[in-house]
Structure formats: structure tokens, C-alpha cells
Amino acid sequence: MDLTAHEIEFRNQRRAHLETLKAAGHRPYGRAFERTGTLAEIRRDFAEGRGVRAAGRVVAVREMGKSTFAHLQDGSDRFQIYVQKNTLGDDAFAAFKAVDLGDFIGVEGELFTTRTGEPSLKVQSWELLAKALHPLPEKWHGLQDTEVRYRQRYLDLIANPDVRRVFDARSRILSFLRRFLESRGYLEVETPALQPIAGGAIATPFRTHYNALGQTMYLRIAPELYLKQLLVGGYDKVFELGKNFRNEGLDRSHNPEFTALEIYEAYGDVHTMRQLVEALVSGAAQDVFGTMVVGKDGQEPIDLTPPWRVAPYRDLVRERAGADWFEMSRDAAREWARAQELEIPDEMTHAQITHEVYEKLIEKTLIQPTFVTRLPAEWVPLAKRCEDDPTLVDVFELVVRGRELCPGYTELNDPIDQRARLEEQAAGDGSKLDEEFLRALEQGMPPAGGMGIGIDRLIMVLTGEESVRDVMLFPQMKNRSPLRAESPGESPNDLPAELPNA
RNA sequence: GGGACGGUAGCUCAGUAGGUAGAGCACGAGCCUUUUAAGCUUGUGGUCGCGGGUUCGAGCCCCGCCCGUCUCACCA
């Protein structure tokens with residue numbers, strides 16, 4: 001790797017500092033350091049003159065001749081330390097000058113308040129815990145380069161406190177979801193991520209090969225079919241919180257691997273699920289942010305206070321496209337849609353045109369939480385039909401800020417209808433039929449409600465972030481230098497039959 | 001995949017009309033014992049994303065490519 005003269009200079013200086021510190025008796029990469037507490041705890045329990053031990057990364061240094069101010073940062077806070085020549089002694093003070101921005105150190109001393117009123121720690125002794133060989137990003141503007149922020153997230157986390165806050169919130173939201181569900185008697189389960197048939201959704205899967213069985217495997221696109229087998233097996237209330245993988249495009253609301261929460265409840269239905277998701281999401285906002293109104297400054301605030309709007313799909317379409325929409329001929333519907341600047345191929349059916357109108361003209365206008373209900377059966381093959389209209393299914397799609405957040409429905413438990421609808425969806429390709437799942441349904445699955453929440457999008461709604469990359473610690477990025485070029489025309493799914501073991 | 005925009009010092013960014021590349025921070029040296037974007041003096045640091053082309057001369061113009069952001073397409 002080619003280094004610029006400047007990078008070589010940085011490296012040499014820091015290594016020279018490291019040698020200086022070693023000569024002064026420091027271990028360049030220390031061992032456990034017993035702290036009085038985190039920096040936040042030390043601040044909280046501040047008492048003038050109190051003796052404490054603290055540790056953290058040096059993120060700011062202000063040298064003033066025979067004394068130095070610096071800031072330590074740990075996972076909880078940032079705290080000022082004060083290093084004085086006559087407190088520390090000549091040698092320890094001189095060695096401290098070899099501490100660079102970014103180094104981890106441990107310090108021991110007394111708490112005091114500076115003339116300007118900042119709680120500080122007067123250092124009596126200190127030791128090096130880890131030397132940083134690279135400089136820190138700029139202290140005032142932080143790290144701006146989006147590419148570096150995503151590829152080297154640790155720099156982003158060090159330099160940009162707001163980023164840290166988003167991921168702290170993410171963690172607390174996940175924790176709340178688990179606590180909430182467990183407190184209501186739902187059992188967390190784990191089902192295969194490596195599946196022989198990628199079912200439960202319509203999406204292109206990632207394909208791989210399992211050497212021991214000589215068999216093609218897929219990364220799951222959804223856990224749904226396994227969770228339903230647990231209902232067959234007698235579990236009444238289960239959920240799974242985990243990763244799904246879809247071999248599709250990558251944009252600000254899609255990442256090839258993403259987190260989903262799926263919940264199933266025997267003897268429930270679409271209404272059970274609606275109430276559950278309302279309580280779950282509004283509860284998470286209340287628990288983590290102390291309010292049910294969320295969003296960043298400059299955004300339209302989202303009010304998550306239940307109950308949320310319920311809007312049947314056809315009503316929304318009629319509202320936008322006219323009360324007589326569903327009595328219109330296909331030609332008239334096509335003409336109307338094209339007048340709205342939608343691209344409508346001649347062969348599109350009336351139902352497809354309707355769906356295009358919904359997705360392009362209506363969904364994005366649903367900012368506040370809205371349950372879109374009673375969708376056409378062909379869009380949701382695993383849902384049970386409405387009793388009063390077999391062309392519709394008992395589902396909701398929860399839409400917030402114009403984006404689909406969570407589908408939920410009364411699960412289809414009729415194995416005969418289920419087979420027919422999966423066959424229709426597979427369009428004659430029998431290899432896509434999950435016979436194991438159908439066999440399980442034939443064993444008898446209790447009536448049930450189920451739903452799946454896109455957790456990354458939920459975090460986006462709750463934190464006000466507009467890109468999924470800003471709520472995932474390590475979003476997918478293209479390799480900077482591919483190990484080997486893909487041969488032209490080779491599909492990413494075409495793998496050699498045998499892969500060497502790593 | 002299409003379109004728009006971007007990639008200049010370790011970081012954040014300027015760069016006029018095509019005329020030998022700048023600032024702040026960081027870093028080095030000097031001064032400074034209550035500073036906090038510390039301050040003052042001074043210095044180092046650049047394959048201008050990569051590869052071609054036009055030109056006497058390219059960070060700037062042209063072509064190709066790489067990476068990223070947004071957007072459209074795709075997408076339960």
C-alpha cells in the first residue's frame with residue numbers, strides 16, 4: 001500500500017512516541033485498568049477533592065507550557081483531565097507529551113472544578129492503555145465523507161456523537177420490543193437462515209452450496225413458513241427477531257441483509273395484530289424517547305399515539321382516482337392513469353393498474369401511521385380471504401412516512417387453498433413449492449394472526465433518519481478492489497458446485 | 001441499469017478565464033501552570049480518484065473506467 005509522505009510522517013511520529021513511552025516504562029497496549037466508574041458515573045458522583053480512577057480515549061489536548069488540559073472520551077461521556085508538571089513530576093509530565101490524540105489512557109487523581117466551572121480531574125498518575133497509530137478525524141466538523149463513515153464506522157462513532165445516539169436508540173428499541181413481547185407471553189424462537197427453498201415472500205434469494213450434503217441452499221428471505229410450523233406444533237405465541245437476505249437492489253430504504261421481527265399468534269387474526277403493532281411501536285417510542293411524537297427537526301412530526309387511521313385499499317383508490325374507479329373499463333382506467341403521468345403498459349390488467357395507482361400516487365402521501373386494509377388476494381398469497389369478499393384478503397399494511405413498515409394478516413390455514421395459491425404464484429415451477437410447509441399445514445394449523453415488521457425502517461421512523469444506511473452499523477458497500485473480476489455474463493448466483501473450505 | 005452531482009493535504013473545504021496548488025484543523029519546533037474550536041510565532045505535508053486525449057501548458061476542457069451520494073427503474 002502506497003503511503004503519502006504525510007502518512008509516513010504521521011506513522012513515524014506516533015511510533016517514535018510509542019518508543020518514548022516504552023522507555024518511560026509504559027506498556028504500549030496495556031491490560032485491565034480498574035476504574036472508579038465510567039466517565040458519566042464520575043461526573044454524576046462528582047465531589048470536590050474525591051479521588052478517582054478513570055479511563056478513555058484522548059480526544060482533545062490543550063498544552064499550556066507546564067500544564068496540559070485534555071478530554072477523555074468513553075462510551076458514556078467526555079470528561080476533562082488536567083495534567084500539571086509539579087503534581088506529576090518531571091518524568092511523568094514529559095512522557096505525557098508523547099500521548100497523541102486518539103490514544104487510550106488510564107488516569108488517577110482528584111476531582112476539582114476549574115475557574116470556568118468545568119468539573120475536571122487533576123491527574124496524579126497515568127498509564128498508557130493503547131496507542132493509536134492513525135490520527136483522528138477533524139475535531140470540529142467531524143467526519144463528513146459518507147463513504148468513509150460507512151466503511152470505517154468506528155471513525156464515525158468516535159467523531160460524530162449524533163451517530164452514536166442513533167445506534168444507542170436502536171439498541172434500546174430492540175430491547176424494548178423483546179421485553180414487551182416476553183411480558184405478553186410471546187416466546188422468542190430461532191428458525192433456519194439456511195433454507196433448501198427460500199419461501200415466505202417473493203424476492204430473489206442469495207444462493208449458496210452446502211458441501212456436506214451436496215445441495216444448493218438459500219439464505220432466507222423470510223422466516224414465515226417455519227414459524228407457522230411452530231403454530232402447527234402447538235406453540236401459541238411466537239416471535240423471531242433476525243436477519244433476512246434479499247438479492248436485490250440497494251438504495252436508501254433497501255439493504256440486502258436487514259432485520260425483521262415476525263410475530264405469530266394462534267387464535268388471533270388481523271385485528272389482534274393491528275392492536276399489537278400499535279402498542280408495540282407507540283410503546284417503543286414512549287419507552288425510548290419519552291414521547292409518541294417522533295421525527296427530526298425540519299421533518300413533519302409523526303404522531304404514533306393510538307389508535308391509528310384505518311383505510312381500506314379500495315377506499316383510498318376511490319378517493320384518489322374517483323368513486324367509479326372499480327366500475328371503469330380497463331381502457332378508461334389506463335387512460336386516467338396515463339394522464340397522471342404513470343407508465344402503464346397496454347397489457348396491464350385493471351388490478352395491476354390499480355396497484356400502480358396505489359404505489360405511485362397514494363402510498364407516499366400516507367405520512368402519519370395508516371393501516372391500509374383489505375388488499376386484493378393476488379398480492380398476498382399467504383393471507384386468508386375476507387369472509388364478505390373472496391377477492392380481498394384480511395390484511396393490513398402499516399404505512400408511515402410514505403413507506404411500508406409492516407404487513408400483517410389473518411394467516412391462511414386452509415391447506416387446499418394455500419396449495420392452490422402457492423402453485424399459482426410459482427407459475428408451474430414445482431421446485432419452488434415448499435412441500436414440507438404444505439405437509440405441515442395439512443396437519444392442521446390453528447387460525448392465527450401474524451405480522452412482520454421491518455426493523456430498520458422502524459428505527460428510521462423512530463429516529464427520523466432518512467437512509468437505512470444511517471440506522472445500520474455496517475451497511476453493504478461495494479468492494480473497493482475486487483479479489484477477482486466477475487467473468488462477463490456470469491450471474492452472481494452461479495457458483496461452482498464445490499467451494500473450497502476456507 | 002439510466003440520469004444528476006461529487007472525489008483536491010491525515011480531516012473539513014476553497015481553487016477565478018486552461019498558466020507550475022491554497023486556508024482552517026491535525027502534525028513538527030519555540031513560548032505559555034485553570035484551558036476548552038485555548039492563544040501567539042514558525043515549519044512540514046499534494047500520484048488534484050484511475051487511465052487516455054486535446055493543448056506550448058490541464059485540478060479546470062474531451063473520452064473511458066472506479067468509488068460514493070441523490071434520483072428514476074427494479075423491488076411484499
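Here is how names work: the chains are called A, B, and so on, in the same order as the sequence lines, proteins then strands, and each is numbered from 1.
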field: Euclidean distance for C1', B:G59 against B:G3 (whole angstrom)
entry: 25 Å

message: Quick one about A:Tyr150 and A:Asp470 (side-chain donor to acceptor, distance below 3.5 Å, no hydrogens or angles considered), yes or no?
response: yes

statement: The nucleotide from B:C75, B:A76, B:U12 with an atom nearest the side chain of A:Glu138 is B:U12

- prompt: How is A:Gly142 classified with respect to the nucleic acid when contacts are heavy atoms under 4.0 Å: base, sugar-phosphate, or nothing?
  reply: sugar-phosphate

- request: Considering only atom C1', compute the distance from B:C74 to B:U54 and round it to an integer number of Å.
  value: 40 Å

Minimum-distance nucleotide to A:Lys478 side chain [options: B:U35, B:C67, B:A76]: B:C67

- prompt: Going by atom types alone, do A:Glu356 and A:Gln352 pair a side-chain donor with an acceptor below 3.5 Å?
  reply: no

- prompt: Are OP1 or OP2 of B:C70 and a side-chain N or O of A:Arg469 less than 4.0 angstrom apart?
  reply: yes

- prompt: In whole angstroms, how far is the C1' atom of B:U34 from the CZ atom of A:Phe69?
  reply: 4 Å

message: From the set B:A76, B:A73, B:U12, return the single nucleotide nearest to any side-chain atom of A:Asp145.
response: B:U12

message: Starting the side chain at C-beta, find the nucleotide from B:U71, B:C75, B:U35 nearest to A:Arg252.
response: B:U71

message: Heavy-atom nearest nucleotide on RNA chain B for A:Ala70 versus A:Gln476: which residue maps closer to 5'?
response: A:Ala70

Separation of the P atoms in B:C65 and B:G1, to the nearest angstrom: 11 Å

- request: Can you figure out which of B:C67, B:G28, B:C75 approaches the side chain of A:Arg151 most closely?
  value: B:C67

statement: The Watson-Crick or G-U wobble partner of B:C5, with both key distances under 3.5 Å, is B:G68

- prompt: How many Å lie between CG on A:Asp103 and P on B:A26, as a whole number?
  reply: 16 Å

field: base_contact_polar (B:U34 base, A:Glu118 side chain, donor-acceptor, <3.5 Å)
entry: no

message: By the 4.0 Å heavy-atom rule, please label A:Glu224 as base, sugar-phosphate, or nothing.
response: base

field: Over all atoms of both residues, closest heavy-atom pair of A:His254 and A:Val468
entry: N-CG1, 4.0 Å

- prompt: When the C1' atoms of B:G43 and B:U47 are considered, how many whole Å apart are they?
  reply: 24 Å

- request: Decide yes or no, distance alone: a donor-acceptor N/O pair under 3.5 angstrom between the base of B:C75 and the side-chain of A:His254.
  value: yes

B:G18 to B:G57 separation - C1' atoms, rounded to the nearest Å: 8 Å

message: When you measure from the centre of the six-membered ring of A:Phe371, is the NZ or CZ of A:Arg274 closer than 6.0 Å and no more than 45° off the axis?
response: yes

- prompt: Taking for each residue the nucleotide of RNA chain B with the nearest heavy atom, is it A:Pro407 or A:Met477 whose nucleotide lies nearer the 5' end?
  reply: A:Met477

message: When you measure only distances, ignoring hydrogens and angles, does the side chain of A:Arg115 come within 3.5 Å of the base of B:U34 through a donor and an acceptor?
response: no

query: Can you find an N or O donor on one side and an acceptor on the other, under 3.5 Å apart, linking the side chain of A:Thr146 with the base of B:U69?
result: no

- request: Select base, sugar-phosphate, or nothing to describe what A:Tyr150 touches, counting heavy atoms under 4.0 Å on all strands.
  value: sugar-phosphate

- prompt: Contact class for A:Gln84 vs. all strands (heavy atom < 4.0 Å): base, sugar-phosphate, or nothing?
  reply: base

task: Calculate the interatomic distance between A:Arg11 atom CZ and B:G45 atom C1'; express it in whole Å.
output: 15 Å

message: Name the residue from A:Asp414, A:Asp417, A:Asp394 that meets the salt bridge (charged side-chain N to carboxylate O under 4.0 Å, His left out) definition with A:Arg385.
response: A:Asp417

message: Can you identify which nucleotide, out of B:C74, B:A76, B:U33, has its nearest atom closest to the A:Lys66 side chain?
response: B:U33

task: Pick the C1' atom in B:G19 and in B:A58, then give their distance to the nearest Å.
output: 10 Å

task: Would you indicate what A:Glu343 reaches in the nucleic acid, counting non-hydrogen atoms under 4.0 angstrom: base, sugar-phosphate, or nothing?
output: nothing

- prompt: Within this structure, what is the CG-to-P distance between A:Asp470 and B:G68, rounded to whole angstrom?
  reply: 15 Å

Sugar-phosphate only, base, or nothing, as touched by A:Gln144 at under 4.0 Å among non-hydrogen atoms: sugar-phosphate

query: Given B:A37, B:U34, B:A73, which nucleotide is nearest the side-chain atoms of A:Phe112?
result: B:U34

message: Between C1' on B:U34 and CD1 on A:Ile81, what's the gap in Å once rounded to a whole number?
response: 14 Å

query: A:Glu118 and A:His71: side-chain donor and acceptor closer than 3.5 Å?
result: yes

task: Under 4.0 Å between any heavy atoms, over every strand shown, what does A:His71 touch: base, sugar-phosphate, or nothing? Just pick one.
output: base

query: Contact class for A:Leu143 vs. all strands (heavy atom < 4.0 Å): base, sugar-phosphate, or nothing?
result: sugar-phosphate

- prompt: A:Phe258 CZ to B:C75 P: how many Å, rounded?
  reply: 16 Å

- prompt: Reckon A:His134 has a side-chain N or O less than 4.0 Å from the OP1 or OP2 of B:C27?
  reply: no

message: In whole Å, I'd like the distance from the CD atom of A:Gln13 to the C1' atom of B:G28.
response: 6 Å

query: Picking from B:A73, B:C32, B:C27, which would you name as closest to the side chain of A:Leu101?
result: B:C27

- prompt: On a whole-Å scale, what distance lies between the C1' atoms belonging to B:G22 and B:C31?
  reply: 28 Å

field: G-U wobble or Watson-Crick pairing nucleotide for B:C27 (cut-off 3.5 Å, both distances)
entry: B:G43

message: Is it the case that atom CD in A:Glu341 sees more than 12 heavy atoms from other parts of the structure closer than 6.0 Å?
response: no

- request: Take the protein atom CD of A:Glu9 and the nucleotide atom C1' of B:G45, then report the distance between them rounded to whole Å.
  value: 6 Å

message: Would you call the rings of A:Trp126 and A:Phe96 parallel, tilted or perpendicular, taking 30° and 60° as the class edges?
response: perpendicular

message: What contact category does A:His355 fall into here, base, sugar-phosphate, or nothing, at under 4.0 angstrom with non-hydrogen atoms?
response: nothing

task: For residues A:Ala54 and A:Leu121, report the shortest heavy-atom separation together with the two atoms involved.
output: CB-CD2, 4.1 Å

query: Counting only Watson-Crick or G-U wobble pairs whose two distances fall under 3.5 Å, which nucleotide matches B:C13?
result: B:G22

query: Can you tell me how far P in B:U44 sits from the matching atom in B:A23, rounded to whole Å?
result: 11 Å

